[in-house]
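Along the sequence shown, the residues carry numbers beginning at 1. These figures come from a predicted structure and were not determined experimentally.
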Amino acid sequence: NSSRLVSDLTFRELMSVPLKSGDRPPLLIDVLRSALAISDESKLVIEIKPGNEAAASALARLLILHPELRRTVAMIMSFDVATMHRLQYELNVDKDGFNAPEIGDNMTNNTSQIRVHRRLISYDHFGTMNKALNSIEKMESIGLDLSQINHDQQEQFPEEKEEEEELHKNQSITTLCANTLYVPMPKLMLLAVADPPSKPCELQVGIHDLSLVKKHLRSDSGSMLDGIYFQYEASMITPEGAAALRQLSEDFLIGVWSYSGKDPDNFETLEWLVRRGNCSFVNTDLPHNFQKDIFIRTGE
């Protein structure tokens, strides 16, 4: 029955419902892998719908188990502040429990500064075996099913000769570090509305009063989300509005979303918000005149 809500379908039911093209619905992991295959510069923005904490936890597990896919996600956002802080906590579990060195560190000699984690075998939706490095305690704290994880036995270094032991240790750590360089997590941003909220979770913030921004971006533990995504307001296209955005951008990333057909969607607005307001993200449907505006300004 195609009239049922997607949220009411099981995974098996969802996969059995073909799209108009006849293909099955793509999984997020499929989309991210496609982006990775297309280009190193391919970036996606992921929005988590309000009240869907289960999706946030699943997304966190995906990014933890597949660190190579993190580079394909520029930013994750939601109107639900609780969901965003929960996502940040779960992603930080991996970041705090992972201490792989940056490229250029001395991997072979300075072994005392490297924390070696047990090797875990995990499986994605199709049973593909993937090796991920993390601590079991950290994995348990975010609800991973440890029954699907096989533990390799911890390595036992030979004790026959001290030189052999040191060589074996250095070789093992060098190989481990080469495969586990830390890939930063995507930016996390809170969506806000300028109009009266239509849902309890929505945060109403206008450009004229930014005092609530820091309060809602800060979690109970004191950690901060990376930024806020404002609803477009005409006052942003004024010197005062641009100055307010620019000042806030000194501490946070700024994004601007707008209603299609209601708010201006042209290159001039984009240029103002980026250049004058120092916004990092601006939504657009790329209407036909958008490209024309770019060519005209480039020609100037």
List in chain and number order the residues that pass side chain to side chain contact (heavy atoms under 4.5 Å, CB included) with [X], two or more places apart in sequence or in another chain; answer none if no residue qualifies.
X	answer
K262	D195, Y259
V282	L270, L273, V274, C279
D285	S260, D265
S21	L19, D23

Once you round to the nearest 0.5 Å, how far does [atom1] of [X] lie from [atom2] of [Y]?
X	Y	atom1	atom2	value
R33	L28	CZ	CG	10.5 Å
L286	N266	CG	CG	11.5 Å
D263	S258	CG	OG	5.0 Å
L248	K214	CG	NZ	9.0 Å
I48	L87	CD1	CG	5.0 Å
I228	F252	CD1	CZ	9.0 Å

Problem - N-O pairing of R61 and E90 below 4.0 Å - result: no
Residues which pass side-chain hydrogen bond (donor to acceptor under 3.5 Å, both in side chains) with [X], listed by chain and number, not counting sequence neighbours:
X	result
S219	S221, S223
R218	none
T83	D80
D220	none

State, to 0.1 Å, how close [X] and [Y] come at their nearest heavy-atom pair, and which atoms those are.
X	Y	value
R24	D30	NH2-OD2, 3.0 Å
D226	P186	OD2-O, 4.3 Å
C201	P50	SG-CB, 3.5 Å
L225	Q88	N-NE2, 3.7 Å

Taking [Y] as the starting point, is it possible to reach [X] by hopping between hydrophobic residues whose side chains are less than 4.5 Å apart?
X	Y	result
I254	L190	yes
V81	I46	yes
M75	L32	no
L59	M189	no
M84	L191	no

Exercise for the section: Kindly indicate whether the side chain of F11, heavy atoms from C-beta on, has any atom under 4.5 Å from the side chain of L27. Expected result: yes
Problem - pair T72-K43: side-chain heavy atoms closer than 4.5 Å - result: no
Could you tell me whether the side chain of [X] and the main chain of [Y] form a donor-acceptor pair under 3.5 Å?
X	Y	result
N92	Y89	no
E271	E268	no
K199	F79	no
R70	V183	yes
E202	S198	yes
W257	A192	yes
W272	M236	yes

Problem - Pairs where residues 232-247 contributes a residue and the test side-chain hydrogen bond (donor to acceptor under 3.5 Å, both in side chains) is met, not counting sequence neighbours - result: none
Expected list for residues 204-213: side-chain donor-acceptor pairs under 3.5 angstrom, two or more places apart:
unit_1 : atom_1 : unit_2 : atom_2 : d
Q204   : NE2    : A194   : O      : 3.1
D209   : OD1    : S211   : N      : 3.2
D209   : OD1    : S211   : OG     : 2.7

Exercise for the section: For V45 and M77, run side-chain contact (heavy atoms from CB on, under 4.5 Å): C-alpha distance rounded to whole Å, both residues' side-chain angles, the deciding distance at 0.1 Å, then the answer. Expected result: CA-CA 8 Å; V45 173; M77 60 183 180; 3.7 Å; yes
Handout entry: Stepwise side-chain contact (heavy atoms from CB on, under 4.5 Å) check, V193 with Y229
Key = CA-CA 9 Å; V193 297; Y229 224 98; over 6 Å; no
Exercise for the section: Show the numbers, then the answer: is there a side-chain contact (heavy atoms from CB on, under 4.5 Å) between L217 and H85? Expected result: CA-CA 8 Å; L217 294 186; H85 284 302; 5.5 Å; no
Exercise for the section: List in chain and number order the residues that pass salt bridge (charged side-chain N to carboxylate O under 4.0 Å, His left out) with K49, two or more places apart in sequence or in another chain; answer none if no residue qualifies. Expected result: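 Partners of K49 by the salt bridge (charged side-chain N to carboxylate O under 4.0 Å, His left out) criterion, ordered by chain and then number, come out as E47.
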Handout entry: Test side-chain contact (heavy atoms from CB on, under 4.5 Å) applied to L245 and N278, step by step
Key = CA-CA 7 Å; L245 290 172; N278 201 32; over 6 Å; no
